[in-house]
Amino acid sequence: MKFIETPADWPADESAALAVQDELRTRVVLDEPGPQPGAGLVTGVDVAYDDERDVVAAAAVVLDAATLTVVEEATAVGRVAFPYVPGLLAFREIPAVLAALESLTHNPGLVVCDGYGRAHPRRFGLASHLGVLTGLPVIGVAKNPFTFSYGELGPRRGDFAALRAEDGEEVGRALRTQDGVKPVFVSVGHRTTLDNACSHTLRLAADYRLPESTRLADRLCRRALAEATA
DNA sequence: GCGACAG
DNA sequence: ATCTTGTCGC
């Protein structure tokens, strides 16, 4: 377990955070295919909060992409760095996630996080932000649609519908990972294509609606929070 | 101006 | 995210 250090220059308010997003968004790389689905390592990251006690816990779980076997786990705990503001989630989660990722001994490979990447009001959600700061390929898999809408999609695993911005651009996809179950919302963060992001998501969600990486990271950060709070 | 709104 | 019991279904 590692202690979370919030960067000294972390934005203190919403307008400062917006300025940071505006600057960093230009550094997102979208012309790389990214890791091949099913090969190498995939790392799930997640964060849990106890706002009452101002405590945050993050977890990073490294999986073998082919077998979905756990290769390594890391956690970090500390103080909450930013309030939850829709559109500024990254400022709340990233210091904790970075701390967890930094204590890993393995190269994370593809990082999978909760939330969005390009499917964001300013095209710079958590997955994009994390990607730019680490240089790693990152995708975002969210449980709920944000401000974007999507059309009807088939009922079977693998069926999907585009998540489109006002200008018609496809910023992500609503992807059905299990037959007859509510879809997840996939978008590119950094250094991957949307097609590959969806392929990875489907492979990781072999048995449940959510990717195994997120399920394991979620369990681990909750456990770390409980221990830190106890 | 008001509401909606990833985690 | 988090607060929380029972309950419907395989």
Side-chain angles (χ1 to χ4, degrees), chain A residues 4 6 10-11 14 17-18 21 24-25 28 44-61 75-100 111-132 138-150 157 163-166 171-175 177-190 194 197 201 207-211 213-230:
Chain A
I4 300 165
T6 298
W10 207 242
E14 295 188 24
L18 289 171
Q21 286 188 331
L24 295 183
R25 61 189 292 182
V28 174
V45 293
D46 196 17
V47 183
Y49 302 90
D50 183 335
D51 284 300
E52 284 289 287
R53 307 188 190 193
D54 192 34
V55 179
V56 56
V61 179
T75 59
V77 295
R79 299 251 176 188
V80 178
F82 206 85
Y84 172 67
V85 179
L88 298 178
L89 176 65
F91 296 94
R92 179 167 170 80
E93 306 228 324
I94 279 185
V97 171
L98 286 180
V111 176
V112 181
C113 57
D114 283 23
Y116 287 121
R118 289 181 41 79
H120 176 273
R122 291 168 295 282
R123 304 288 194 284
F124 195 70
L126 170 62
S128 309
H129 201 142
L130 184 62
V132 167
V138 183
I139 67 172
V141 180
K143 297 182 285 295
N144 302 290
F146 191 8
T147 55
F148 298 98
S149 56
Y150 56 101
R157 166 178 161 84
L163 218 52
R164 293 186 188 283
E166 303 298 314
V171 294
R173 284 179 192 155
L175 174 67
T177 54
Q178 294 293 321
D179 292 351
V181 168
K182 175 182 176 177
V184 295
F185 305 89
V186 182
S187 58
V188 166
H190 185 58
L194 184 53
T201 301
D207 300 326
Y208 297 92
R209 174 182 176 237
L210 297 179
S213 43
T214 11
R215 300 183 72 243
L216 292 169
D218 181 72
R219 278 184 13 181
L220 184 55
C221 70
R222 288 186 198 235
R223 203 192 315 155
L225 181 65
E227 289 170 11
T229 297

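The sequence lines fix the lettering, A, B, ..., with proteins before strands; numbering per chain opens at 1.
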For a quick check of understanding: with a heavy-atom distance under 4.0 Å over all strands, which category does [X] fall into, base, sugar-phosphate or nothing?
X      : result
A:G87  : base
A:P145 : sugar-phosphate
A:I94  : nothing

Checklist entry - Any side chain to side chain donor-acceptor pair (under 3.5 Å) pairs touching residues 77-89 of chain A, not counting sequence neighbours? => result A:D54-A:R79
Item to check | Contact interval (first through last nucleotide) of DNA chain B with protein chain A, 4.0 Å heavy-atom | outcome: B:dC5 to B:dG7
Checklist entry - Hey, are A:Q178 and A:R209 close enough side-chain-wise for a donor-acceptor pair under 3.5 Å? => result no
Checklist entry - So, are A:D218 and A:R215 salt-bridged, with charged N and O less than 4.0 Å apart? => result no
Item to check | N-O pairing of A:R92 and A:D51 below 4.0 Å | outcome: yes
Less than 6.0 Å separating the ring centroids of [X] and [Y]?
X      : Y      : result
A:F185 : A:Y150 : yes
A:F148 : A:H120 : no
A:W10  : A:F82  : no

Using nucleotides 2-10 of chain C, report all nitrogen or oxygen pairs with the protein that are shorter than 3.5 Å.
unit_1, atom_1, unit_2, atom_2, d
C:dT2, OP2, A:R222, NH1, 3.4

Item to check | Exercise: identify the closest heavy-atom pair between A:V171 and A:S187 | outcome: O-CB, 3.4 Å
